[in-house]
Amino acid sequence: MNNQFEYKKIEKKWQDHWENSETVKCDLESDKPKFYNLCMYPYPSGDLHMGHIRNYTIGDVITRYKQMNGFNVLSPMGWDSFGLPAENAAIKTGIHPREFTEERIANMKSQIIRLGSLYDWDREVAAHSIDYYKWTQYLFIKLFENNLAYKEDAPVNWCNSCRTVLANEQVIEGSCERCDTAVEPKNLNQWFLKISEYSEELLEGLDEIGDWPENVKTMQRNWIGKSEGSQFELNIIGTDLTFDVFTTRPDTLFGMTFAVISPEHELINQIMEQSDKKDEIQNYLDSIVNKSEFERMSITKEKTGVDTTLKVTNPITNVEVPLWIADYVLVNYGTGAIMAVPAHDERDYEFAKKYNIEIRQVIIDKEKTINVDNEAFTGNGVLINSGDFNELNSHEEASKKINDFLVKNKIGDEKTTYRLRDWLISRQRYWGCPIPLINCDDCGLLPEKYENLPVLLPEIKDYINTDGSPLSKSKDFVETDCPKCSKKALRETDTMDTFVDSSWYYMRFLDPKNDNEPFESDFINEWLPVDQYIGGVEHAILHLLYSRFFVRALRDLGFMKIDEPFHNLFSQGMINFGGAKMSKSKGNIVDPESYFATHGADALRLYILFMAPPSDGVEWNDGGIEGTKRFLNKFWDNMVKIIDQKDTSDTFKSNDEEIERKINQTIKSITQHLEKFEFNTAVSDLMKLNNDLSDYLKEDNTIQIDLKDSILRNILILLYPMSPHIASEIFQDYFDRDISQEKWPTFDETKLENPVYELVIQINGKKRHALIVNTGIEEDEVKEICTTNFDIDFSNAKKVIFIKDKLINIVQ
RNA sequence: GCGGAUGUGGCGGAACUGGUAGACGCGCUAGAUUUAGGAUCUAGUGAGCUUUGCUCGUGGAGGUUCGAGUCCUCUCAUCCGCACCA
């Protein structure tokens with residue numbers, strides 16, 4: 001073996017080998033237990049960044065570790081290759097988004113291979129490829145035919161910079177998540193997927209799902225936003241207008257001193273007609289329209305409103321209370337209208353104070369610490385001023401009783417509301433999957449015939465269309481025949497949100513070349529859910545929630561029998577540089593590719609695993625990678641030395657036993673660490689073992705042949721998942737076979753225990769002495785040792801605590 | 001405001017069911033080697049002190065215990081997510 005660790009040569013050699021090897025070609029029908037290991041497929045930006053490196057290194061450790069544990073591992077890779085950057089580049093440079101994208105895929109793929117990760121490239125899929133988006137369209141039509149996709153006029157979020165609408169999930173603090181531009185409300189006819197139909201199921205599923213990070217589950221729960229309460233009707237006095245209000249606090253109903261309706265409520269025009277102050281209302285509504293969404297939603301903003309001069313009747317007291325229009329009531333939550341109870345709701349309180357509306361207290365806290373003259377009381381207490389309901393406990397008891405009253409009098413009922421809205425998937429952009437629907441004047445909205453799929457993206461020259469989708473500029477595309485009556489008809493010109501593509505890519509990986517259907521259901525039922533999904537936390541809501549919805553929808557359409565797409569989820573933390581998230585605009589990118597040249601893929605992988613627990617965010621540090629490079633050099637030296645040791649048939653020497661014990665301990669420890677995703681400590685175990693091996697090799701230069709084989713085999717396999725190139729090379733050099741076919745080592749229980757340990761002698765709980773003694777000695781012997789060595793007198797001890805093989809504590 | 005998480009040397013971080021705090025690595029100091037630098041090797045490296053040893057020390061304050069980074073109560077700080085959700 002070469003005395004120098006020539007990582008460039010070795011890494012190239014093994015990467016070429018893996019590209020063509022059968023090691024990771026997954027036969028879905030093998031007898032071995034299955035393990036679907038998946039890293040989130042990347043958007044092909046052109047270059048790997050450190051986040052990808054971390055993601056794929058973790059994934060590859062799992063792939064190789066599970067393979068050695070006898071699993072049939074499926075590890076595919078593909079491209080989330082529709083999306084805005086390619087189109088924006090096309091606008092700038094004129095290069096077609098397809099060409100742009102495919103160039104970047106090629107570049108990124110070569111970098112992924114350069115990292116040394118194993119993927120079954122025969123299964124590679126790309127969202128923009130015709131044989132992929134054909135099936136995206138197919139599934140969309142299935143959803144449409146089953147009323148899970150629909151088109152509707154709706155107020156939507158428009159990003160003027162990206163020139164498209166956005167899903168609620170893509171709006172962060174009132175701004176576009178991509179470009180930070182403040183979104184504008186617009187009323188547009190748009191496509192939605194009915195995710196809200198699955199609100200309850202998506203929520204409940206989180207309790208039964210496999211191992212997911214708690215914060216991701218919580219974020220999804222909050223996003224779904226379930227709340228339970230009552231809904232009842234209010235009638236506007238002197239009119240036949242009625243509207244519903246939703247409340248989680250029916251126990252405060254006697255305290256309702258006004259009602260509020262949202263400025264966008266569907267009754268708003270009729271209310272205005274009935275009002276004495278029509279002009280004032282009109283002025284108010286105009287002032288609202290001019291405000292940005294973010295401005296309106298901001299909690300710091302003072303609430304505004306206008307009195308309609310109309311009254312509604314409190315259904316339980318029959319008291320007449322004023323009806324207001326106010327912007328703090330959101331049209332798209334609940335019913336878009338509320339009963340206002342200022343005494344017991346902070347928002348209503350603030351509003352009532354500002355406009356001098358009556359505040360009527362109906363719940364009193366037992367300690368009487370809160371005075372509703374000064375602040376709202378939102379806690380638990382006892383009902384007052386509430387007629388027959390006085391003295392009941394709020395919330396539960398009183399809410400239940402009052403709700404019963406509403407039901408009995410046919411005014412209202414229990415109601416559960418969710419914050420989750422339907423998923424808006426229309427995008428007015430070019431580089432996405434065309435929505436395969438056709439508008440016929442006579443037949444209405446119809447899906448393209450299955451046999452005509454895919455609806456191909458047209459070739460166009462101008463990607464900018466200020467009023468509508470770029471696709472509408474292609475006459476050939478837009479003008480078509482009605483699938484039903486064959487008359488002239490028009491195609492939909494919007495494309496789909498790329499999250500539709502990524503909602504099912506992990507299904508296509510199971511059957512990527514199927515020409516007849518998106519996938520064979522048998523494969524799905526057998527291979528889903530994904531056993532281990534690994535990716536960044538930025539997808540906690542978007543992609544992960546959409547995919548969970550997709551599986552349920554397709555299940556109900558008969559495509560599969562599973563409920564959840566991803567059993568275990570691991571979210572890796574972000575890698576920062578200079579205290580900030582790496583980004584091109586900040587100019588603080590650390591380019592992983594340069595480290596392939598200067599340190600090698602193995603050193604980079606090892607460092608990225610070693611630098612921190614993988615779920616923590618961490619600061620990039622150049623010095624750290626020097627450390628893992630140094631480790632690999634020393635490791636190589638040790639391997640050369642041990643291979644060069646002369647064989648003897650001598651019985652074991654004491655240092656032989658010691659190194660054997662260390663190896664057994666390390667097998668146990670690394671196995672446990674890998675199972676728990678504690679890669680940083682797994683690497684540190686390897687470093688320790690390497691240090692021990694250095695000490696061992698200093699002592700003499702002979703070794704028993706079986707021990708030599710066992711040391712080499714075990715230590716190389718332990719390193720292999722994390723640094724596969726160097727481990728493969730040395731293993732092949734010495735054993736003349738491929739390490740990837742080896743079994744993960746087991747440890748020998750009898751060879752774990754150290755023969756001696758350092759006994760700690762404490763006096764009153766403080767460490768006073770320490771001494772190396774034989775493992776397993778009992779209390780009497782330990783006491784004797786204490787007396788002989790340290791002159792400790794046990795006769796006046798109040799208490800003696802003895803922990804076997806650890807310590808003795810003498811309390812005086 | 002609500003929810004989730006995290007606080008340990010100069011730095012990244014270890015510490016199994018309460019049992020020697022600081023493993024492993026970076027950095028730093030000294031020495032060896034080298035024409036020099038780099039690389040490598042050896043030793044040291046939580047703080048303080050009256051340095052054979054003692055005291056303090058895991059964000060802070062209490063508590064339980066023979067013994068607390070770990071358990072309990074309160075509190076402070078930072079990060080992330082949601083945010084007028086009725």
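Per chain, numbering begins at 1; letters A, B, ... match sequence-line order.
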Handout entry: First of A:K676 and A:M611 reached from the 5' end of RNA chain B, by closest nucleotide
Key = A:M611
Problem - Any-strand Watson-Crick or G-U partner of B:C54, both distances under 3.5 Å - result: B:G48
Handout entry: Nearest-angstrom distance, P atom, B:G60 to B:C76
Key = 15 Å
Exercise for the section: For residues A:F677 and A:F679, establish whether the separation of their ring centroids is below 6.0 Å. Expected result: yes
Practice task
Can you check whether any acceptor in the base of B:C66 is under 3.5 Å from a donor in the side chain of A:N809, or vice versa?
Solution key: yes
Problem - Side-chain N,O (A:N680) to OP1/OP2 (B:A14) below 4.0 Å - result: yes
Exercise for the section: Answer with yes or no after comparing the ring centroid distance for A:F631 and A:F610 against a 6.0 Å cut-off, counting only values under it. Expected result: no
Exercise for the section: Could you tell me whether the side chain of A:N568 and the main chain of A:G210 form a donor-acceptor pair under 3.5 Å? Expected result: no
Exercise for the section: For B:A21 versus B:A47, give the span between their C1' atoms, rounded off to a whole number of Å. Expected result: 14 Å
Problem - A:V811 side chain, from C-beta outward: closest of B:A83, B:C66, B:C24 - result: B:C66
Exercise for the section: Give A:K668 one of three labels, base, sugar-phosphate or nothing, depending on what nucleic acid heavy atoms sit under 4.0 Å from its own. Expected result: nothing
Practice task
Could you measure between the two P atoms, the one in B:C54 and the one in B:U33, and give it in whole Å?
Solution key: 39 Å
Practice task
Write down the distance between CG (A:N638) and P (B:C41), rounded to a whole number of angstrom.
Solution key: 10 Å
Fill in the blank from the handout: Paired to B:U73 by Watson-Crick or G-U wobble criteria (both distances under 3.5 Å) is B:A61
Exercise for the section: Based on the glycosidic angle (syn within 90° of 0, else anti), state the conformation of B:G9. Expected result: syn
Completion exercise
Result for side-chain hydrogen bond (donor to acceptor under 3.5 Å, both in side chains) between A:S230 and one of A:N403, A:T248, A:D413 points to A:N403
Practice task
When you get a sec, tell me which of B:C84, B:G12, B:A86 is the closest nucleotide to the side chain of A:F610?
Solution key: B:G12
Handout entry: Near-ring test A:F499/A:W423, centroid separation under 6.0 angstrom
Key = no
Exercise for the section: With C1' as the reference atom in both, quote the distance from B:U17 to B:G67 in angstrom, rounded to an integer. Expected result: 16 Å
Handout entry: Identity of whatever pairs with B:G12 - Watson-Crick or G-U, under 3.5 angstrom
Key = B:C24
Handout entry: Side-chain donor or acceptor of A:D616 paired with backbone N/O of A:V618 under 3.5 Å
Key = no
Handout entry: Euclidean distance for C1', B:U8 against B:C2 (whole angstrom)
Key = 30 Å
Exercise for the section: Using Watson-Crick or G-U wobble geometry with both distances below 3.5 Å, tell me the partner of B:A68, or none. Expected result: none
Handout entry: Among B:A83, B:G13, B:G81, the one nearest A:D616 by side-chain distance
Key = B:G13
Exercise for the section: Provide the distance between the two C1' atoms, one in B:G57 and one in B:G9, to the nearest whole Å. Expected result: 10 Å
Exercise for the section: Keeping the roles fixed (side chain from A:D345, backbone from A:D348), state whether a donor-acceptor pair exists under 3.5 Å. Expected result: yes
Handout entry: Donor-acceptor pair (no angle test) under 3.5 Å: A:K688 side chain, B:C24 base
Key = no
Practice task
Look at the side-chain N and O atoms of A:R768 and state whether any lies under 4.0 Å from the OP1 or OP2 oxygen of B:U55.
Solution key: yes
Handout entry: A:V618, nearest nucleotide to its side chain (from B:A15, B:U20, B:G13)
Key = B:G13
Practice task
Look at the side chain of A:V329 and decide which nucleotide, out of B:A15, B:G12, B:A86, has an atom nearest to it.
Solution key: B:A86
Practice task
Just name whichever nucleotide pairs with B:G18, Watson-Crick or G-U, keeping both distances under 3.5 Å, else none.
Solution key: none
Practice task
In whole angstrom, give me the gap between the C1' atoms of B:U70 and B:U64.
Solution key: 14 Å
Exercise for the section: Provide the distance between the two P atoms, one in B:A43 and one in B:C24, to the nearest whole Å. Expected result: 13 Å
Handout entry: Pair assignment for B:A86, Watson-Crick or G-U wobble, requiring both distances under 3.5 Å
Key = none
Problem - Residue-phosphate contact under 4.0 Å: A:K698 side-chain N/O, B:U42 OP1/OP2 - result: yes
Problem - Between B:G4 (P) and A:W212 (CH2): distance, integer Å - result: 18 Å
Handout entry: Watson-Crick or G-U wobble partner of B:A30, both distances under 3.5 Å
Key = B:U42
Exercise for the section: Among B:A23, B:G13, B:G3, find the nucleotide with the atom closest to the side chain of A:N222. Expected result: B:G3
Completion exercise
If pairing means Watson-Crick or G-U wobble with both distances under 3.5 Å, then the partner of B:U35 is none
